[in-house]
Structure formats: structure tokens, C-alpha cells
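Data block below; observations after.
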Amino acid sequence: PRRLSPEAELILFRIVQEALTNVRKHAAATEVTTTVEFTNGTVKLSIQDNGRGFQLSGQARELVEAGKLGLTGMVERAELAGGTLAVHSRPGEGTTVAAEIPV
């Protein structure tokens, strides 16, 4: 029962939407867990799957060069809200998308 600003809600919704679209299209996952946690002045969002995973460098700008435009869009949305987004993935070990934005 906690509401965020319309902008923050839309940004978080679009991040979840893109992450779940990526799971559906690429991961071959059998499970996906989405969590939202409210802490002191921030909201933390996590989308974790048990899919095939992929090799990913740590640099957001390299996502565009690698053709990963959906991931780039998620990073840009989080940064637009003054937050961060991290993607952790390894082949065969699934993927976690974690965003944190101030509220």
C-alpha cells in the first residue's frame, strides 16, 4: 500500500517489463522471482531467473556495442531516476537484474 511518484512507478514498471521480456525471449528459464523492497529513502527491485544466462561485461556503454539495447534502456531509465541498475549473469547460471532508485 505504498505509492511512489508516477515517474518512479513508470520507470520501475518498464524495467520489470523489459527484464521479463528478456527472460521470455532469451533465458529458457523455468522460474523467475521479482522482489521489491522499500528501505530508507530507496526502493530496490530485483528480477532473478534460473535461465541460461549470458556473458556480460561490467560496462553499461558496452551493452549498446553488444546489441543489448533492452539492457541499455533499463540502465538509462534507472539513471534517469537518480538510481542504479546492475545486471549479473553467467552462462548456465541465470541472470539477476537489480535496480535501486531514490524515493
Side-chain angles (χ1 to χ4, degrees):
R2 185 169 184 182
R3 295 302 304 245
L4 304 174
S5 70
E7 295 82 12
E9 287 182 358
L10 181 59
I11 286 169
L12 292 171
F13 173 79
R14 294 294 184 204
I15 290 171
V16 171
Q17 183 180 43
E18 182 63 32
L20 293 177
T21 297
N22 287 344
V23 170
R24 181 181 52 81
K25 290 168 90 174
H26 306 294
T30 59
E31 292 183 21
V32 179
T33 303
T34 302
T35 59
V36 178
E37 178 183 0
F38 295 94
T39 60
N40 296 329
T42 65
V43 60
K44 295 179 181 181
L45 170 68
S46 175
I47 304 98
Q48 182 175 15
D49 70 61
N50 68 344
R52 67 181 76 178
F54 59 97
Q55 191 66 38
L56 177 67
S57 71
Q59 301 297 320
R61 66 182 154 289
E62 293 176 14
L63 297 172
V64 174
E65 295 167 6
K68 301 193 182 310
L69 299 177
L71 292 175
T72 302
M74 288 190 282
V75 169
E76 290 174 350
R77 286 180 190 277
E79 290 175 350
L80 182 65
T84 60
L85 185 130
V87 180
H88 304 283
S89 188
R90 286 191 180 177
E93 296 183 18
T95 302
T96 300
V97 174
E100 184 172 347
I101 65 168
V103 291

>> Looking at every non-hydrogen atom in both residues, tell me the closest pair between G94 and S89 and how far apart they are.
In response: O-OG, 3.2 Å
> Quick one: salt bridge (charged side-chain N to carboxylate O under 4.0 Å, His left out) pairs with a partner in residues 90-101, sequence neighbours left out?
Replying inline: none
> Between OG1 of T21 and NE2 of H26, what distance do you get to the nearest 0.5 Å?
Replying inline: 9.0 Å
>> Ignoring hydrogens, what is the shortest heavy-atom contact between T95 and G53? Give both atom names and the distance.
In response: OG1-CA, 3.7 Å
>> For a quick test of reading the model, state the closest non-hydrogen atom pair linking A19 to V97 and the distance between them.
In response: CB-CG2, 4.4 Å
> Do any N or O atoms from the side chain of T42 and from the backbone of P102 form a donor-acceptor pair under 3.5 angstrom?
Replying inline: no
>> According to a hydrophobic-cluster definition based on side-chain heavy atoms being under 4.5 Å apart (Ile, Leu, Val, Met, Phe, Trp, Tyr only), do I11 and V36 belong together?
In response: yes
>> Can you tell me how far apart CG (L10) and CD1 (I15) are? Round to the nearest 0.5 Å.
In response: 10.0 Å
> Partners of A8 by side-chain contact (heavy atoms from CB on, under 4.5 Å), sequence neighbours excluded?
Replying inline: L4, S5, I101
>> Applying side-chain contact (heavy atoms from CB on, under 4.5 Å), can you list everything that pairs with T35, at least two apart in sequence or on another chain?
In response: T33, S46
>> Enumerate the salt bridge (charged side-chain N to carboxylate O under 4.0 Å, His left out) contacts for residues 6-32, please, sequence neighbours excluded, ordered by first and then second residue.
In response: R3-E9
>> With a 4.5 Å cut-off on side-chain heavy-atom distances among I, L, V, M, F, W and Y, is there a chain of contacts connecting F38 to L12?
In response: yes
>> If you compare all heavy atoms of A28 against all heavy atoms of R52, which two are closest, and at what distance to 0.1 Å?
In response: CB-NH2, 3.1 Å
>> Run N22 and F54 through side-chain contact (heavy atoms from CB on, under 4.5 Å) and show every step you take.
In response: CA-CA 12 Å; N22 287 344; F54 59 97; over 6 Å; no
>> For the OG1 atom of T34 and the CG atom of L20, what is their distance to the nearest 0.5 Å?
In response: 5.0 Å
